[in-house]
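Below is one structure, written out as structure tokens, with a few remarks after it.
Quick note: numbers below take in every heavy atom, side chains included, and nothing from hydrogens, waters or symmetry partners. Given the structure is predicted, the values throughout are model-derived calculations rather than measurements. Each chain gets a letter, A, B and so on, in the order the sequences are listed, and its residues count up from 1.
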Amino acid sequence: MHADSTTTKKAAALAAFAGLDREPGVAKPDPILVVDKVVRRFGGLTAVDVDHVEVQRGSITALIGPNGAGKTTFFNQLTGFDSADEGSWTFNGKQLKGVPAHRVARSGMVRTFQLTKALSKLTVMENMRLGAQNQRGENFFRALIPGSWRRQEDEITERAEELLERFKLDAKRDDFAGSLSGGQRKLLEMARALMVGPELVMLDEPMAGVNPALTQSLLGHVKDLREEGMTVLFVEHDMDMVRDISDWVIVMAQGAVIAEGPPDTIMSDPRVIDAYLGAHHDAPMSAEEFEEQLQEAEAELESEIEEKA
Amino acid sequence: MDWNTIFVTTVKASIGLETVVYALAAIGVNIQFGYAGLLNFGQAAFLGVAAYGMAVTVATFHLPFWLGILIGLAATVVLAFLLGIPTLRLRADYLAIVTIAAAEIVRLVFRSVKFSSVFGGSDGRQNFSGDFFAMNPYSPGTYGIGPISFNERVTWVLTVGWVLIAIACGLVYLLMKSPWGRVLKAIREDEDAVRSLGKNVFSYKMQALVLGGVVGCLGGFLFALGQASVQPDLFSTEFTFYAYTIVILGGAARVFSPVVGAALFWVLLVFVGNTLSEAVSAGMLPSLFTVNNIGAVRFMLVGLGLMLLLIFRPQGIFGDKREIALDAR
Amino acid sequence: MIAFTAFLGGLVFLLSSPAWADGEALKGTLQNQGQPVNGVKISVAGEDGKPVGDATTGADGKWEVPVPKAGRYKVTLDQSTLPKDIGLKFQNRATLDVQVYEGSERNVLFALAPAGKQGGGAAQASSDSSSFWDRVAQLTFEGFNLGLIIALAAMGLSLVFGTTGLTNFAHGELLTFGAMCAYFFNVVVGIPLIWAAVISVVIGGVFGYTQDRFFWGVLRKRGSSLVAMMIISIGLALFLRYVFLFFFGGEGAPYADYNAQPGIQVGPISAAPKNFIAMGIELAVLVIVGLALLKTRLGKAARAVADNPALAASSGINVDGVIRIIWTVGGAVASLAGVMLGLSQNVSFQMGFQILLLVFAGVTLGGLGTAFGALVGSIVVGLFIQLSTVVVPTELKTVGALLVLILVMLFRPQGILGRRERIG
Amino acid sequence: GGEDSAAPASSAPAAQSSAPAAATAQGDGVLTVGTLLPQTGSLAFLGPPEFAGVGLAVKEINDAGGVLGKPVTEVDTDSGDTSTNIASQSVDKLLQQKADVVIGAASSSVSLSVIDKITGAGVVQISPANTSDQFTTYNDKGLYFRTAPPDVLQGRVLGDLILADGNDTVGILALQDAYGTGLADNVQKAVEGGGGQVVEKVVYDPKAADYSADVAKIKEANPKAVALIGFDETKKIIPELVKQGLTAKKVKYYFVDGNLSNYGTGKDGFPKGTLDGAKGTQPGAQVSDDFKKKLKTVDPNLKDYNYGPESYDATILTALAAVAAKSDAPKDIAAHLAEVSSGGEKCKDFKSCNDLLSAGKDIDYDGASGPIEFNEAGDPAEATIGIYQYGADNTNKNIAFNTGKIAG
Amino acid sequence: MAEPVAAADEDGAATASRAAVVDRADHLAGAESALLRADELYAGYVPGVNILNGADLYVKKGELIGIIGPNGAGKSTLLKTLFGLVPVRTGSVTLNGEDITNLKAHSLVARGVGYVPQTNNVFPSLTIEENLEMGAFQVPGKFKERFEFVCEIFPALRERRKQRAGSLSGGERQMVAMGRALMTEPSVLLLDEPSAGLSPKLQDLVFIQAQQINKAGVTVIMVEQNARRCLQICHRGYVLDQGRNAYMASGRDLINDPKVIQLYLGTLARA
Ligand SMILES: Nc1ncnc2c1ncn2[C@@H]1O[C@H](COP(=O)(O)OP(=O)(O)OP(=O)(O)O)[C@@H](O)[C@H]1O
Ligand SMILES: Nc1ncnc2c1ncn2[C@@H]1O[C@H](COP(=O)(O)OP(=O)(O)OP(=O)(O)O)[C@@H](O)[C@H]1O
Ligand SMILES: [Mg+2]
Ligand SMILES: [Mg+2]
């Protein structure tokens, strides 16, 4: 689908990753985000304890890890939604620790939420428009002079319409966001983040609950984003997707980064398989496998029944 | 029954001073609560500090009227900042209790004997409206259509009041159609989402709080000037409750809802009250109802009326039913 | 120019109009600890210092000096004529500057005290400080006393808020309702207050149940938003309050039992026995309801309904049933709070409304939706109301408590017992 | 209020236009008395006796043939309190119904919030209960009057009474409003001017949750006498005093007109002896049992009589002034109010006064509340203060009367 | 129009080679002996707007059926409607021959129906343990035993039993939600995207578990966006689009139907 257009940047990204070690925290040639010793504890639980991690500019990087590994919490620290107990990180060379969330977003690092945050009583279109940056009409005084922001508003609307079409939300354009289905909210969340026009977009499970056919077309879109020079960092449990679009994968477990590497390598890493992937690591289960598992389960069940009897 | 009186007083109430004051206060509440979702339960205090700021400047310190207005405005803005800086980070319900508390503090201080040399205790302040009425362009006489007319003083106050309401409504209309208003409405829905899109939520909330306060404070000025007197208990918590009731009656986050809501509220109050008392004096009610308790019956009926209005039109007069559906738990 | 005087007994001085009276005078009675002091010389001089006259107190301690006209006079007590064991209580007040009004006599008082016990301004310092600490102790006690009543009211409010999300501005009227029920049974019917209270708690429960069954529950089913319901509750409050005014009238009235019960001294505190019993009941009810909320299945179900009614229904919880029980309990607890408030503060149509702000303060201060938050928050509010009078004038005592509320909110925005929420 | 006294502020054109269109509509030959008295709000308990007073007066006037040959009409409205904001709407209604006189409001604050509106429309306002000194100097175009004496005299009498009883240390518990603090100030002046000492003056918020802290503060100061200056709250304060050990045996209680009621020992009274020996003052000649009985015919449920006589007198005086002026125009009524209240042949009810007037005589009405006599500010120039004492049954009896001039 | 589709048998054998557009006749034929059936459901949230436009569905005792469809098709709405959380406007829902249209959710639980919602599926202010306890609300006696059972499946829950669910991660919440529904031993289980947000390892577990539960005799209706996996294990699948059934066939037929692949399943996994 987007095969030819993706080549250039993808190739560049792959090239950048080519010679790297598979070590956790390995230095990247051109990192956009550099994280050092970030720790977040909740009571006795250390949710995040990342020693060092870098994200390569212009790449699509996946962040995977078991449930409760601390991925979302990690995102929260980086984007200023929660204050880290320790650590520091730079984005484009700028220190971001302690910077409030909105300034982080303005500096070009935008995140989405795993548990979606639709702005219920705004229409889908308004949700989208809200994402745009540097709006003249968002200033109190200029807001009073419609002429000063009309033209910009039209441009924004145009951009939003394009995105909505891509995300199959155009039919819902004028509906309240609160009336969207679970999957549609995910889509809106992601589309809205893209309206910001970020340098680095951090997606927290963007495709969970999204229809597979749509997922597929959206992946194409994400690849296009890379072509436009955007960096993508995303959390996802859908290995097909990770395999398909990521240039590099970072694995977290129990708050720490335990492995890094290209998708293929990572997915055959025994530690990762053990902690995360389980049996279902390299391909979706085939029908045969299923039968097998079924049989197993059945046997188990029977033996249980026997035991009880 | 004197239907003529009932009709005339009701019509007059719908455009009278109280309607103007409550409408301005409610427009402020609508900005803060209807659009930005800030549960400011201290609106009465904004009107109070403005009215007192002006009254005290003129009556206690004998300074010029316009300086009084400036000081009243400044007091409102300062109050907004004092309340806002620490509390706008709080969850909505907590903001409500903090503002309600702050408003009571303001009222109790105005009322106290301790500071009565400045604020005049429970009698409040008088003798500050001369300059305002000196500007009255209407010559003595009555103005209006037939029986629905006001004397020149009231006409002057109402003229200023309705002009201010028109300006405030225009302002709200322009603002809420603009991207600025969009950010506000978004904050009402989910602050974190707005933050993640690079908007300075705190700053917008503060702008809304100040703007709502300033619009409300105009009501405070008019209240004081219209009555030629300020008293602390005018600015009690009930006032804020009623302002909220008015906003919801009209329909939250609609430009004209506070105005229509205010008129409706006072029409209800006056119509019910006067009809009842006419009925009593005409001997049309059972002897259980007397002059002593008819006032209570009036408020009973008004309470009932408010309930029924909202039960059968939960979205208010101008509200959108679809929005209400989203709120249902 | 009316001449009208009633002169009954020698107890009282006389004001009389010039047409009748023979003139203005200065007079008084010298007493030391209730006993008249005689033979003391008192002289009166005009403003210019010219003597006007003098008098010596009689066996009954009385003296009187007629003066020629209204005006200011200097009245001096000759201390040398005082008995040895008696002195002036305020040493600096041997001479007083007194205004005499037209046509009236004027009483002048020289306070006496046994020699040695008298003093100037600072003489009472030592006893002052002990009575100061007595007051602090008393105020602490009163803080708990008031705090527990607020807590009881807050518990009812927070139960309903916690389960349905309804900010019920009519809660104050539920208190009034309870208090008035008890008043009816106690004063009108004539049942002892204890039983009247029990009945009113039961009726309060029924009232709560009925409200939900026929009103709030119906509104919920119609999908009314919480904001609309909040405003409806303002309307309901208005309605109920004035129903009470209609039937009860504007005046406050005490219960037939335990009114003005004499206090007993317990250490530095003086309190009426009814206070201790009331506080005991309040605390017991609060702890029992709080524990029930935390530990019992129903309590947990109530919290579950609060969190997510649809999911609660999906778990097999009868949401309406739970809410109805909560309303019943809430109504009963509110009724009890009303009775307790009436016991200490008289019954009046505004009683619940007037305490509502403090109740809200208590609930929020403790942390919304926490089982014991209402208790802790309310006691803090009660304590601060009373103890703040040590530094601020009592007319501003609510200000003190509310300021504390605001301060606590700034440092613990989630309330004292509340928890922060997770983002993301 | 004072004619063009003080008040430099409201000197606008309005001040000169005393009787615009609204007023010409009045003076229509029918004397219309409007009431603006509390049916709701925090002073609602003062309403019944006041309404009854006006109602009784109107009844007697009409029984005697009315004014100017026509029966007097009464229009009743609710003043609420300042927090309900309805007084102004009530005034609108009264003006609409061509009231010539407005009797009210009870609360000084409410009166202040509508005085401009009423007097601005050229209508006479007579309050039966306002005691705030604001009104003495208010720029009311000579249209504001009151039948309740300002608190100067009562304060003076009460202070003197306290001293005469030998109390050298006094605690004052006063209601936080114009009435309470004004009276408290006057009592304090009288006590301290006569050699006593006010050891603690506590001003309490009438909406406070409870009064224990207020009483504790008094207790700490250890006074010999406690002056209770307020209204209905007294019922809550006395139990608190008793609870904290300040019983009537230990300290002497003093009451004022706002709370000098018969508490009794019945179901909602106090235990026997709670108020034994307490004293109090009340302006006005003794409210005769006869008068009380008459009030009860208007409102059988009446329990207290506060300001009932003052309301009655305000109405009677209005009618007499109209008769004297031969006009029901407010302006004319205002001009004759002082005249009928002082200097002339004494008379005590409408009928006899009316007869005297029609006989062309100058009259001096002495009312149910005392020898009312308006000065040029519209305030009573003199008043009678009664002194009362409680017995063990918690009801009070008159023990003396004092009549005095307020000025001076 | 459509070829007739026979109901899936216990062994999952398919009698039609291609997925078929649903016909009411097919539905009626199959629904006759069904445990739970819904006929021509119309339902929605906002007055005047129907989200379900005549959806039909039946499930036989012991069947595992899957529902897939694009976002916003009304899958969740269908489950909610079956479960009494969204009012039915017209149409009927029958369980075991008893008309349960518009019956309240809690009384359905009493009849043995369990439900895992897609969103907001935990009680945030209750601890994990209390969440599960609420799951067993109607059978408090069984709590201990079922708790052990659930913790066996999701050991992470046992460690965190005292943690408030509101502070859990997305996946952990999903576990709690599943666990809660399993507390009652339902005879019909409605699952709305149970695998969303779970790690691959746990996703496997969920599917296996669903099957196992089904094998033990529980009737399961499962909405999934992990469509392939879902169709692989289910006896029958429905494709829902715009509030009505677009296709209904055996799982395997649906997986292989090119139309379904193009419109709903995508080709990603094959790529
Ligand atoms: N506010 C909090 N209080 C206590 N524990 C918390 C809080 N927030 C997160 N945790 C815990 O920290 C751990 C990390 O959570 P996080 O949400 O970051 O996981 P995650 O990697 O995003 O998981 P998932 O893939 O399931 O979304 C979890 O075990 C969670 O329970
Ligand atoms: N509470 C609601 N109010 C109004 N409309 C709603 C509401 N919930 C859902 N809808 C609308 O109903 C339609 C179906 O929603 P539903 O949640 O059933 O979809 P779904 O098939 O489950 O989608 P997904 O796969 O994304 O979860 C959507 O178009 C949505 O906009
Ligand atoms: Mg996560
Ligand atoms: Mg769904």
Within-4.5 Å side-chain heavy-atom neighbours: B:Leu306 and C:Ile231: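 The answer is no, as the side chains (C-beta and beyond) never meet within the 4.5 Å cut-off.
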For chain B, which of [options] has the most heavy-atom pairs under 4.5 Å?
{"options": "C:Ile232, C:Ile234, C:Leu357", "answer": "C:Ile232"}
{"options": "C:Val243, C:Thr398, C:Leu365, C:Thr167", "answer": "C:Val243"}
{"options": "C:Thr364, C:Leu236, C:Ile406", "answer": "C:Thr364"}

Tell me, for [X] versus chain B, whether the close heavy atoms (under 4.5 Å) come from the side chain, the backbone, both or neither.
{"X": "C:Phe353", "value": "side chain"}
{"X": "C:Leu405", "value": "side chain"}
{"X": "C:Met229", "value": "neither"}
{"X": "C:Leu403", "value": "both"}
{"X": "C:Phe169", "value": "side chain"}

Parallel, tilted or perpendicular: ring planes of [X] versus [Y], cut at 30 and 60 degrees:
{"X": "B:Phe235", "Y": "B:Tyr52", "value": "perpendicular"}
{"X": "B:Phe41", "Y": "B:Phe241", "value": "perpendicular"}
{"X": "B:Tyr22", "Y": "B:Phe239", "value": "tilted"}

Mind listing the closest non-hydrogen atom pair of [X] and [Y] along with its distance?
{"X": "C:Leu358", "Y": "C:Ile150", "result": "O-CG2, 3.7 Å"}
{"X": "C:Val363", "Y": "C:Ser158", "result": "CG1-CB, 4.0 Å"}
{"X": "C:Pro309", "Y": "C:Val319", "result": "O-CG2, 3.4 Å"}

Tell me, with the steps shown, if C:Leu245 and B:Met300 meet side-chain contact (heavy atoms from CB on, under 4.5 Å). CA-CA 10 Å; C:Leu245 174 63; B:Met300 268 153 71; over 6 Å; no
Residue among [options] with most heavy-atom pairs under 4.5 Å to chain C:
{"options": "B:Asn292, B:Thr99, B:Leu288", "result": "B:Leu288"}
{"options": "B:Ala96, B:Gly295, B:Gly316, B:Ser112", "result": "B:Ser112"}
{"options": "B:Val98, B:Ile97, B:Thr237", "result": "B:Ile97"}

Side chain, backbone, both or neither: which part of [X] has an atom under 4.5 Å from a heavy atom of chain C?
{"X": "B:Val113", "answer": "both"}
{"X": "B:Phe312", "answer": "both"}
{"X": "B:Ile248", "answer": "side chain"}

Give a yes or no on this: more than 12 heavy atoms of other residues, nucleotides or ligands lie within 6.0 Å of atom CZ of B:Phe202.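 Check passes, neighbour count above 12.
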Got more than 12 heavy atoms from elsewhere within 6.0 Å of CZ, B:Phe119?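 More than 12 heavy atoms, drawn from other residues, nucleotides or ligands, come within 6.0 Å of this atom.
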Please check if the distance between the ring centroids of C:Phe247 and C:Phe349 is under 6.0 Å.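 Here the rings of C:Phe349 and C:Phe247 have centres that are no less than 6.0 Å from each other.
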Which residues in residues 377-394 of chain C have any heavy atom closer than 4.5 Å to a heavy atom of chain B?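 Checking residues 377-394 of chain C against chain B gives C:Pro393.
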Taking atom types as modelled and ignoring hydrogens, do the side chains of B:Ser236 and B:Glu238 form a donor-acceptor contact shorter than 3.5 angstrom?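 A pair is found: one side chain offers a donor N or O, the other an acceptor, under 3.5 Å apart.
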Assess the residue pair C:Ile323 and C:Asp212 against the criterion (side-chain contact (heavy atoms from CB on, under 4.5 Å)); give the C-alpha distance rounded to whole Å, side-chain angles, the decisive distance to 0.1 Å, and a yes or no. CA-CA 8 Å; C:Ile323 292 180; C:Asp212 188 62; 3.7 Å; yes
